[in-house]
Amino acid sequence: MLQFFPTKSALKLKNLLCRFFMGLFLIFRVFRAEQKFADHMKEKNQASSEFAKKKTLLEQRQYLPIFAVRQQLLNIIRDNNIVIVVGETGSGKTTQLTQYLHEDGYTSYGMVGCTQPRRVAAMSVAKRVSEEMNSNLGEEVGYAIRFEDCTSEKTVIKYMTDGILLRESLRESDLDHYSAVIMDEAHERSLNTDVLFGLMMKDKRSDLKLIVTSATMDSDKFAAFFGNVPIFHIPGRTFPVDILFSKVPQEDYVEAAVKQALQIHLSGMVGDILIFMPGQEDIEIVERLEDLENAPSLAVLPIYSQLPSDLQAKIFQKAPDGVRKCIVATNIAETSLTVDGIMFVVDAGYCKLKVFNPRIGMDALQIYPISQANANQRAGRAGRTGPGQCFRLYTQSAFKNEMLTTTIPEIQRTNLANVVLLLKSLGVQDLLLFHFMDPPPEDNMLNSMYQLWILGALDNTGSLTPTGRLMVEFPLDPALSKMLIVSCDMGCSADILIIVSMLSVPSIFYRPKVPSIHCDQVREKFSVPESDHLTYLNVYLQWKNNNYSSIWCNDHFIHTKAMRKVREVRSQLKDIMVQQKMNLVSCGSDWDVIRKCICAAYFHQAAKLKGIGEYVNVRTGMPCHLHPTSALFGMGYTPDYIIYHELVMTTKEYMQCVTAVDGEWLAELGPMFYSIKHAGKSRQVSSVPPEFHNQHL
DNA sequence: GAGCACTGC
């Protein structure tokens, strides 16, 4: 790095230059107006500073490991339509590959597209590359993420999230605008990446170059999937990390992690510590590390996605001199954010995963051992600024014999209703024959098709109905799209639009670590006793009445960031509704209409009261519980029938976001499920035998 | 009377 000190000779030089420019100034003044001169100097200064910047950027580019193999890489891409690139951390693949293809002429007949699994990555990489190419962001180099299209007609290099490319392929299936597509970080195997993989194999243009980047572990599998295509290896530039395994299995990983961190801290070695924990709860326990009096000058900083952003920012701030940072993180720190200065990683070896069970239509959020790939990624976090150490709180044999090499891809453990709808709209006839790299369980596919049939998106032959076609337009789960579509006929679309937007954003309510009665009292002000959905509507309307104020949010224990996102989602959905000529009307204060509309899209997720505060699933008979955050919880108001938005298994089977409905609505709106049984005076809704359902699969 | 890893359109 260059440093400038105002020495004597430098001051002399400055004086000389000043005189020189003063002289110039006087001469110019004779011929030109002052303003013109100023403009000229401005331009000149800009040009020279840009030259300096360009030079250093060019030098930086040439210093990257990928530069040494540039020509080889371009040759192999020229000779093959699909190439797997293994690019280690720090190789420069993400910023350079696109530019090399541009320099090699690929942008003369189409764009070079590059997908990223995360929005921030797409934005920041595009910014960097536009600087390296000496152009303004959004011109030659641009990016596109949800809610933000920063590209123009000039754009030749386009970074985007994988979801954007997937949506684009809906509109033009052969990706005509592109001459080359790079799917970066494909080893993360996001749902969108996996669907794109299959589509790329289905009917790929013969002149489209596809470059898939992967980690070493998956490269052979990737190459085989795409038809034994070549693998190209780019070395990385990171520092070595010593890996130390636990000699014996640890019973309590929280305690073990705290002990290990303390040992590092007291050993006198310099550098910050990063501890990986599975969830928020464990992180809060580890924080008590700070209380240990014998640990001087240690700053314990938690980080997880639900943490308010001002507290999140703390991990990036420099600690005071002599203070060591000890960051306690979920797997958010594995890929999503990078902290410099980490020399030690303490890895508990667990993470939380959401796994979908199609048989009962329920997600289970559970703690699982991480995979070897995760473990290596975590260890790598210690080697970014210098040589590091990674302490694994599990044995070497556990690593080798008990951990999977890679994590089970999302497509095999998630509800596929959305994927099925998307593929159907792309004209994929038999989904079970679709070319997935790792096919999802058949049960899962059939269940999703069944759910789409219930919602009227698929007909009895399994083809897309007009309703289904309309549902594809919305970036929503099928039941939510359905609710929006139905609401137009029921005259409450403006209200449902808000509810759908609220449901598309996680965690609206903020609960402080030390729970206060005040917080609960404030919350009760919004509560609509018969419905969480209506409670959400209420919150949004009140926020709107308070001019979308963030102070109002803070005063009412509501996440401002989440509410802003709700507003964005609402506006995007509204645009689609207008475009699809769907009418936007509010039913005002007639909230029964809204409840009925919710019922029309969620009748398949209903529960019946059985005992005090106990519910059973109407279809499966499985006991389900109201979640304690529900407006209906412990209110003494227990309706006979409710529908739920989501069923999640944590410590119990919990229904999240519920609304009271009339039993008769269920029979009326979901006749394929329910019939009214007349038993004396009272009428009961009963489930239609399941054999009936199977006729349609 | 519970507690929610992370993404994305």
Side-chain angles (χ1 to χ4, degrees), chain A residues 115-122 144-149 160-171 185 188-196 276-285 303-307 329-337 348 350-355 363-368 370 374 377 407 409-411 413-414 418-419 421-422 471-478 480-481 501 504-513 515 520 559 562 565 568-569 572-573 575-576 613 625-630 632-635 646 648-657:
Chain A
T115 67
Q116 295 291 320
R118 274 170 293 279
R119 300 162 49 116
V120 245
I145 55 178
R146 189 181 185 183
F147 306 124
E148 230 180 305
D149 185 356
M160 68 202 115
T161 49
D162 46 13
I164 291 273
L165 189 65
L166 188 56
R167 283 273 149 184
E168 280 184 6
S169 71
L170 266 180
R171 275 171 221 120
E185 312 290 347
E188 286 191 27
R189 303 290 304 276
S190 74
L191 190 62
N192 293 333
T193 297
D194 267 20
V195 176
L196 277 167
F276 282 102
M277 281 285 141
Q280 179 180 344
E281 199 184 349
D282 289 321
I283 289 173
E284 279 164 10
I285 299 171
I303 178 95
Y304 45 87
S305 74
Q306 304 279 42
L307 195 73
T330 58
N331 46 6
I332 191 174
E334 207 175 290
T335 48
S336 302
L337 50 91
Y350 294 96
C351 65
K352 280 199 179 179
L353 280 183
K354 213 172 178 179
V355 177
D363 282 314
L365 190 72
Q366 282 174 339
I367 295 181
Y368 292 93
I370 57 168
N374 288 136
Q377 178 72 26
T407 313
E410 194 183 359
I411 199 156
R413 52 182 172 85
T414 195
N418 234 331
V419 172
L421 189 66
L422 201 90
M471 281 161 72
V472 184
E473 296 296 324
F474 292 94
L476 292 169
D477 276 341
L480 288 173
S481 316
S501 308
S504 302
V505 169
S507 62
I508 297 295
F509 295 111
Y510 171 64
R511 233 180 116 77
K513 215 182 272 171
D520 292 336
H559 278 125
K565 182 112 186 258
E568 276 186 317
V569 173
Q572 186 193 17
L573 297 178
D575 288 348
I576 298 171
H625 307 86
L626 287 172
H627 197 268
T629 53
S630 169
L632 277 74
F633 184 85
M635 295 295 283
E646 216 177 12
V648 180
M649 168 84 183
T650 49
T651 51
K652 274 188 199 165
E653 298 86 354
Y654 283 113
M655 295 176 285
Q656 291 179 340
C657 195

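Proteins get letters first, then strands, A, B, ... in listed order; numbering begins at 1 in each.
At the heavy-atom level, A/Q656 lies under 4.0 Å from base atoms of the strands shown. Among the protein residues, A/S190 comes within range of no part of the nucleic acid, since none of its heavy atoms lies under 4.0 Å from any strand. Counting non-hydrogen atoms under 4.0 angstrom, A/L191 reaches nothing in the nucleic acid. Nucleic acid contact for A/H625: none, since no nucleic acid atom lies under 4.0 Å from a heavy atom of the residue. Nucleic acid contact for A/T650: sugar-phosphate only, since backbone atoms but no base atoms lie under 4.0 Å from a heavy atom of the residue. The residue A/F474 sits apart from the nucleic acid: no heavy atom pair falls under 4.0 Å. Here A/I145 lies in heavy-atom contact (under 4.0 Å) with sugar-phosphate atoms only. Looking at heavy-atom distances under 4.0 Å, A/R118 makes contact with sugar-phosphate atoms alone, never a base.
Checking B/dA5, B/dA2, B/dC9 against the side-chain heavy atoms of A/L365 singles out B/dA5 as nearest. You'll find that the side chain of A/T161 is closest to B/dG8, out of B/dA2, B/dA5, B/dG8. When each of B/dC9, B/dA5, B/dG3 is scored by its nearest atom to the side-chain atoms of A/R146, the top-ranked nucleotide is B/dC9. The side chain of A/E410 lies closest to B/dT7 when the candidates are B/dT7, B/dA5, B/dA2. Of the candidate nucleotides B/dT7, B/dC9, B/dA2, B/dC9 has the atom nearest to the side chain of A/R167. Ranking B/dG8, B/dA5, B/dA2 by closeness to the A/R119 side chain, first place goes to B/dG8.
With sequence neighbours left out, the side-chain hydrogen bond (donor to acceptor under 3.5 Å, both in side chains) criterion links A/E148 to A/Y143. Judged as a salt bridge (Lys or Arg N to Asp or Glu O under 4.0 Å), and not counting sequence neighbours, A/D477 has no contacts.
The closest side-chain donor-acceptor pair between A/S190 and A/T193 falls under 3.5 angstrom. Counting only N and O atoms by type, the side chains of A/Q116 and A/D162 include no donor and acceptor under 3.5 Å apart.
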